[in-house]
Enquirer: 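Shown below is the structure under consideration.
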Amino acid sequence: QVQLVESGGGLVQAGGSLRLSCAASGSIVSINAMGWYRQAPGKQRELVARGRSGGSTSYADSVKGRFTISRDNAKNTVNLQMNSLKPEDTAVYYCKVSAQPMGALYEYEYWGQGTQVTVSS
């Protein structure tokens, strides 16, 4: 089994910062992509940032220049540093990992439980 544990969400004023973390554990052979998605009430879930095993990263246009994704492959951890937060960043943030579990021949997608980020104006 593969488990994801998220932390770092909370309430912050506009212009402030938060740092989200997600750690993967379990019987993992390898991890490819690790990323963050978010979903606001009444809206579809959207990609925020993603980092691949080779080091490449991608960001949603709405967060470029403000958010930074980083990985610690030795610890199977992905972080999201969020600066200059805006009220429109308010959402539940989900960690997503593509990993090959022990005994499997293919990769599978795993989701974290979600962590609430609220930005007040």
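Computation of the quantities below employed the complete heavy-atom set of this structure, encompassing side-chain atoms and omitting hydrogens, waters and symmetry-equivalent molecules. Everything numeric here is computed off the predicted structure, so don't read it as measured data. Throughout, numbering of the chain's residues begins at 1 and tracks the sequence.
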Enquirer: Which atoms form the tightest heavy-atom contact between Ala99 and Tyr110, and what is the distance?
Expert: O-CE1, 3.8 Å
Enquirer: Within this structure, what is the OG-CZ distance for the pair Ser62 and Arg38, rounded to the nearest 0.5 Å?
Expert: 4.5 Å
Enquirer: What closest approach, in Å, do Gln1 and Gln3 show between heavy atoms, and which atom pair accounts for it?
Expert: NE2-NE2, 4.1 Å
Enquirer: One pair to check against side chain to side chain contact (heavy atoms under 4.5 Å, CB included): Gln81 and Ser70. What are the steps and the verdict?
Expert: CA-CA 8 Å; Gln81 179 65 46; Ser70 61; over 6 Å; no
Enquirer: Give the intermediate values and the outcome of side chain to side chain contact (heavy atoms under 4.5 Å, CB included) for residues Gln113 and Glu6.
Expert: CA-CA 7 Å; Gln113 80 283 357; Glu6 302 176 352; 3.7 Å; yes
Enquirer: Atom CZ in Arg66, atom CG in Asn83: separation rounded to 0.5 Å?
Expert: 9.0 Å
Enquirer: Specify the closest pair of heavy atoms between Gly35 and Ile69, including all atoms of both residues, with the distance to one decimal.
Expert: CA-CD1, 4.1 Å
Enquirer: Measure the CG-SG distance between Leu4 and Cys95 for me, rounded to the nearest 0.5 Å.
Expert: 5.0 Å
Enquirer: Taking the ring centre of each residue, are Phe67 and Trp36 less than 6.0 Å apart?
Expert: no
Enquirer: Would you check if there is a donor-acceptor pair between the side chains of Asn79 and Ser21 at a distance under 3.5 Å?
Expert: yes
Enquirer: What are the two closest non-hydrogen atoms of Ser121 and Ala14, and how far apart are they?
Expert: CA-CB, 4.4 Å
Enquirer: Would you kindly say whether Thr118 and Gln116 are connected by a side-chain donor-acceptor distance under 3.5 Å?
Expert: yes
Enquirer: Using 0.5 Å steps for rounding, measure from the OG atom of Ser25 to the CG atom of Asn76.
Expert: 8.5 Å
Enquirer: Please tell me if the side chains of Lys96 and Met34 come closer than 4.5 Å, counting only heavy atoms from C-beta onward.
Expert: no
Enquirer: What's the spacing between Arg71 CZ and Cys22 SG if we round to 0.5 Å?
Expert: 10.5 Å
Enquirer: Transitively linked via ILVMFWY side-chain contacts under 4.5 Å: Val63 with Leu47?
Expert: no
Enquirer: Is the shortest heavy-atom distance from the side chain of Val119 to the side chain of Lys86 under 4.5 Å?
Expert: no
Enquirer: If the threshold is 4.0 Å, N to carboxylate O, is there a salt bridge linking Lys64 and Asp61?
Expert: yes
Enquirer: Is there a side-chain contact between Arg19 and Ser7 (heavy atoms, below 4.5 Å)?
Expert: no
Enquirer: Decide yes or no for Tyr93 and Met82: does some side-chain heavy atom of the first lie under 4.5 Å from some side-chain heavy atom of the second?
Expert: yes
Enquirer: Given the rule in the side chain to side chain contact (heavy atoms under 4.5 Å, CB included) test, do Ser98 and Ile31 qualify, once you have shown the distances and angles that lead to the verdict?
Expert: CA-CA 6 Å; Ser98 297; Ile31 295 178; over 6 Å; no
Enquirer: Within 45 degrees of the ring normal and closer than 6.0 Å to the centroid, is that where the cationic atom of Arg45 sits relative to Tyr94?
Expert: yes
Enquirer: Check the pair Leu80 / Thr68 against side chain to side chain contact (heavy atoms under 4.5 Å, CB included), numbers first and verdict last.
Expert: CA-CA 6 Å; Leu80 184 68; Thr68 303; over 6 Å; no
Enquirer: Run through Leu20, Val92, Leu11 and flag the one making a side chain to side chain contact (heavy atoms under 4.5 Å, CB included) with Val117.
Expert: Leu20
